[in-house]
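Everything below concerns the one structure shown next.
Protein chains get the first letters and strands the later ones, always in sequence-line order, with residue 1 at the start of each.
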Amino acid sequence: MLVHHGYSDGSGNYFITINSEKCDACGACINACPANVFCIFAEDENDPLNDRPVVSIDQEKRNKIKYECAQCKKCGKDSILPCLIACPIGAISHSW
Amino acid sequence: MITAGIDCGAKNTKTVVMKDKQIISYALIPTGFDQSGAVSKSLDEALNRAQISMDKVWQICGTGSGAKSIGVDIKINDIKAIATAANYFFQTARTVIDVGAEEARAASIDETGLVIDFAINEKCAAGTGAFVEAMARALETSIEEMGELSLLSYNPIPMNAQCTIFAESEVVGLIHSKVKKMDISRAIHDAIASRIVGMVRRIGVHDDIVVLGGMALNRGFLSSLSRELPNHNILTPRLSEYGAAVGSAIHATRQN
Amino acid sequence: MVTFMAAFNSPTFYKKNFFQLCSPGLGNEEVDNLKQTQTGEFWRWRESNWVNEKIEWRNSRYITVGIDVGSVSSQAVVMCDGEIYAYSNIRTGSNSLDSASAALNSALANLSMKLDAVNYCIGTGYGRVNVPMSDRTVTEIACHARGANFLFGPAVRTVLDVGGQDIKAIKCDSEGKVTNFLMNDKCAAGTGRGMEVFADLLSIPIGEVGDRSLDISEEPAAVSSACVVYAKSEATALLRKGLSPNEVLAAYCAAMANRIIMILERVGIEPELAITGGMAKNKGVVERLTRKIGINPLKTAWDSQLAGAIGAALFGYSLCKKGKGRTTK
């Protein structure tokens, strides 16, 4: 399942997409993220028939990731995103 | 040399007249639906106040969201305008923040006022002055009063809604649950300050920080901003609202 | 609601009253009532409950309950081995704890069955953490997809739910399992709340918005700002330019359709499409949206508002079959 966490508003799309089929909840992204936007859920609220834990975006930060992620998304440079680098299976992608 | 700078913003149109890089007069007119009308009105008024006739003005430079539709000698983008103004007001400025009615911008600048990097909040009211204006309406108070009220609060409460429309309902909810007006005011300013700082983080925060635009007149906002950036100097000039117009007037001295 | 219940089983009733069934509040009389009683209350519709008397609950293996506490309405659905036995649809009060109980009580009102016969109860929706009788919570995303699969059939691939405060775009497979989704509850653009702001601005009852936006001679350009705050100033400028309120509504309905399409496109639009939520009742948006994407949405005889609660009850049924249900007497 592709889970798009984040939002779209007048200024653009701000989504962090996690592929829950690939993600094995290893937690590498959690350690890599300086803004602590990732977290692990023991139960997958989006798929009650799945027994594995899943990585998700902190509910509190979901609707402001444009700002939470700002420190890794410097203007005028190609951003090197620690979460993307940390994920060993490429289960994370950003939309902006 | 006499020059004029006009900033045609979403809410107000500001004109500044400068003589040898000193501000000699300024005027502010609500932009309304007629941009070019507001531009000529504010220019006439500023020239009137300075007792200067149009033919003495060497060059006029325009900026702001309405700059496209106005007939002036030269134009400059808002980022350049605020960078120039920040450098003019404070030589030590390295970051400039400008929060206008429908747009917020930030730029990092060098010691000569040249732009190194910039970021813009636009097309979403949540990160601009429009948010604070809507919140003041929901709180049934003026922006000025809301700014002063928030200075009295020592009780931070969170605002959950990010969207201006949803935040209006949240503010009404807070009023109904008898939360003090000053605490709501502070929450509003904390919310906008954290979004502005989020934007500034994209270009890196460097001292000194200069705040321009209408929101710089709001002491409640400035105090929230300094709480978000506790280790930084935050400066604001007296004519903060005229920042971009000042930058344009200075730019008008440079080009032929 | 005994009369309602009996009539529900007759096919002519489906046809004649299809709109009332699926769209409480949009029948002509209802709109008239709305006009007279409008006091800033936007979703006026009858609360309802229903029982399928053909089902004998005592003979069923698993009884499961799904309770969907939304921001505007709450539904409870009781299922016997995956078949709808009873449901209720009520307004959400200011307290979601009370709303969950009220919805369940309303569904159980005329039943001999008691709560202790239930094997599994799932809470879903915006107020799902406040469903005290639930065994677990599941997001409305999963429940909507599963519920849409039940209501509209297994051909559904895209589910669009536009509620009062959010937009959900969901892709699912033939089993109703979610494959791709997003939920936007950060921004009012494209949501029912955004439409309310416009209805207020133009002093037009929300129930009339759809029809009036289609009652125009020429389709105006869509409002260009997505942000509701800026769209409002744009609308004021359009009125000054001489556009009629109907035309301004049309311009906003078109903007709303564009906005919703943009969000749908993130997950990809694949037929068949099912539209649920309050916006499904706004013809002005739905017609513009379907015209633009060239897909006609599926219809159902059931109230599509039940999708979430049905999905929740179905998940309860699946979990019971996996041996996770409560043992009852």
Nearest-0.5 Å distance, CG of residue B:D78 to CD1 of residue B:I120: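 Those atoms lie 6.5 Å apart.
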
Engaged part of B:A125 at the chain C interface, taking heavy atoms whose separation is under 4.5 Å: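 It is both, since atoms from each part get that close.
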
Chain C contact via B:A101 - side chain, backbone, both or neither, heavy atoms under 4.5 Å: backbone

C:F181, CZ: over 12 other non-hydrogen atoms inside 6.0 angstrom: yes

side-chain contact (heavy atoms from CB on, under 4.5 Å) against B:A244, all qualifying residues, sequence neighbours excluded: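 B:D7, B:T63, B:A81, B:I82.
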
For B:L152, side-chain contact (heavy atoms from CB on, under 4.5 Å) partners two or more places apart: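 Scan of B:L152 (side-chain contact (heavy atoms from CB on, under 4.5 Å), adjacent residues dropped) gives B:L149, B:M182.
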
Engaged part of C:A226 at the chain B interface, taking heavy atoms whose separation is under 4.5 Å: neither

Distance-only polar pair, side chains of B:S150 and B:S185, donor-acceptor under 3.5 Å: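 Note: B:S150 and B:S185 side chains miss the donor-acceptor criterion.
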
No hydrogens needed, just list the donor-acceptor pairs between chain B and chain C under 3.5 Å.
from: B:E102; atom 1: O; to: C:Y230; atom 2: OH; distance (Å): 3.2
from: B:T128; atom 1: OG1; to: C:Y230; atom 2: OH; distance (Å): 3.0

Shortest non-hydrogen contact from B:A138 toward B:V171: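 That closest heavy-atom pairing would be CB-CG1, 4.0 Å.
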
Sequence-distant partners of B:E148, salt bridge (Lys or Arg N to Asp or Glu O under 4.0 Å), two or more places apart: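 Counting only residues at least two positions away or on another chain, B:E148 forms a salt bridge (Lys or Arg N to Asp or Glu O under 4.0 Å) with B:R219.
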
